[in-house]
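Starting from 1, each residue takes its place in the sequence as its number.
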Amino acid sequence: SNKYVVIFSRYQGKLLLSRHKGRDTWETQGGHIEQGESPEDAAKRELWEESGALKFTLEPMCMYWAEDRVGGKTESGAWGAIFFADIEELGPMPESEMAETRQFDTLPEEVTYPYITPRLYERVRDRF
């Protein structure tokens with residue numbers, strides 16, 4: 001079953017990424033699906049928590065599998081659901097682990113997850 005949601009967000013025609021308070025890199029909105037939550041509900045919650053998005057449409061895109069490898073051996077892995085969000089209205093950033101959002105024309109070099117994010121972005125780049 002799904003463990004994570006990843007949301008690629010578009011705001012005013014641009015890619016909207018978030019920056020974690022403890023990092024200087026950029027990431028998509030998303031996170032763990034909580035007990036009893038559907039992937040879509042988790043995506044809506046995480047999108048608001050990590051960007052302040054108030055009005056948006058959400059579209060499921062695809063699934064992905066991420067593995068945790070330790071010394072070349074797969075320790076564990078999890079399924080994630082990728083969503084595309086078209087944000088109409090952005091409110092103030094809620095109190096969360098995220099410091100700010102920024103709009104980008106394309107995926108920047110400085111991403112938090114350089115092995116995963118660019119590969120997932122390939123699936124949605126035609127939206128930006």
Side-chain angles (χ1 to χ4, degrees):
S1 70
N2 297 335
K3 272 196 167 174
Y4 303 98
V5 289
V6 173
I7 306 117
F8 282 91
S9 303
R10 182 173 67 198
Y11 179 59
Q12 297 173 335
K14 294 181 188 282
L15 176 64
L16 186 78
L17 297 176
S18 299
R19 185 180 64 78
H20 191 281
K21 286 175 178 166
R23 298 192 268 266
D24 53 13
T25 51
W26 297 91
E27 55 203 78
T28 58
Q29 297 83 36
H32 278 88
I33 298 171
E34 292 177 359
Q35 190 74 41
E37 217 176 23
S38 70
E40 190 172 347
D41 286 341
K44 288 176 180 173
R45 176 181 53 76
E46 290 285 357
L47 181 59
W48 176 76
E49 284 177 4
E50 297 186 355
S51 77
L54 297 174
K55 276 178 75 174
F56 53 86
T57 55
L58 199 61
E59 183 188 340
M61 297 293 292
C62 60
M63 306 290 299
Y64 79 101
W65 173 255
E67 290 182 350
D68 296 318
R69 288 176 171 246
V70 180
K73 287 207 343 241
T74 300
E75 290 286 312
S76 64
W79 282 101
I82 302 173
F83 289 87
F84 171 73
D86 197 6
I87 301 172
E88 249 182 89
E89 191 184 330
L90 214 50
M93 183 71 118
E95 194 47 54
S96 79
E97 68 274 17
M98 294 299 172
E100 61 176 329
T101 58
R102 188 181 293 174
Q103 291 166 274
F104 294 88
D105 291 318
T106 189
L107 195 68
E109 290 279 301
E110 311 79 31
V111 290
T112 306
Y113 306 106
Y115 299 108
I116 297 175
T117 307
R119 289 179 187 168
L120 300 182
Y121 179 68
E122 289 301 313
R123 300 291 186 102
V124 296
R125 83 177 318 150
D126 62 341
R127 304 296 178 102
F128 300 99

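Every residue meeting the side-chain contact (heavy atoms from CB on, under 4.5 Å) condition with Ser96, not counting sequence neighbours, appears here in chain and number order: Met98. The ring-ring contact (aromatic ring centres under 6.0 Å, His included) check on Phe104 picks up Trp26, with sequence neighbours excluded. Checked against side-chain contact (heavy atoms from CB on, under 4.5 Å), Gln12 has the following partners two or more places apart in sequence or in another chain: Gln103. In this view, Phe84 and Phe128 satisfy the ring-ring contact (aromatic ring centres under 6.0 Å, His included) rule, not counting sequence neighbours. Listed by chain and residue number, nothing satisfies the ring-ring contact (aromatic ring centres under 6.0 Å, His included) test with Phe56 (two or more places apart in sequence, or in another chain). Not counting sequence neighbours, Glu46 has no partner by the side-chain hydrogen bond (donor to acceptor under 3.5 Å, both in side chains) test. Residues passing the ring-ring contact (aromatic ring centres under 6.0 Å, His included) test with His20: none are found, sequence neighbours excluded. Residues forming a side-chain hydrogen bond (donor to acceptor under 3.5 Å, both in side chains) with Asp126 (at least two apart in sequence, or on another chain): none. Shown here are the side-chain hydrogen bond (donor to acceptor under 3.5 Å, both in side chains) partners of Glu95, two or more places apart in sequence or in another chain: Lys21. Residues satisfying the side-chain hydrogen bond (donor to acceptor under 3.5 Å, both in side chains) test with Lys14, not counting sequence neighbours, are Asp105.
Other residues sharing a hydrophobic cluster with Trp65 under the 4.5 Å side-chain heavy-atom criterion for ILVMFWY residues are Met63, Trp79.
Evaluation of the salt bridge (Lys or Arg N to Asp or Glu O under 4.0 Å) test over residues 78-87, restricted to residues two or more places apart or in two chains, returns Arg10-Asp86.
Hydrophobic clustering of Ile, Leu, Val, Met, Phe, Trp and Tyr side chains at less than 4.5 Å, counting indirect connections, unites Ile116 with Leu107. Under a hydrophobic-cluster definition in which Ile, Leu, Val, Met, Phe, Trp and Tyr are linked whenever side-chain heavy atoms come within less than 4.5 Å, directly or via other members, Tyr4 and Ile7 are assigned to different clusters.
With values rounded to the nearest 0.5 angstrom, Glu100 atom CD is found 11.0 Å from Leu17 atom CG. Taken to the nearest 0.5 Å, the CZ atom of Arg23 stands 11.0 Å off from the OG atom of Ser18.
A salt bridge is defined here as a Lys NZ or Arg NE, NH1 or NH2 lying under 4.0 Å from an Asp or Glu carboxylate O, and Glu122 with Arg125 meets this definition.
Nearest approach of Pro39 to Val5, heavy atoms of both residues: O-CG1, 3.4 Å.
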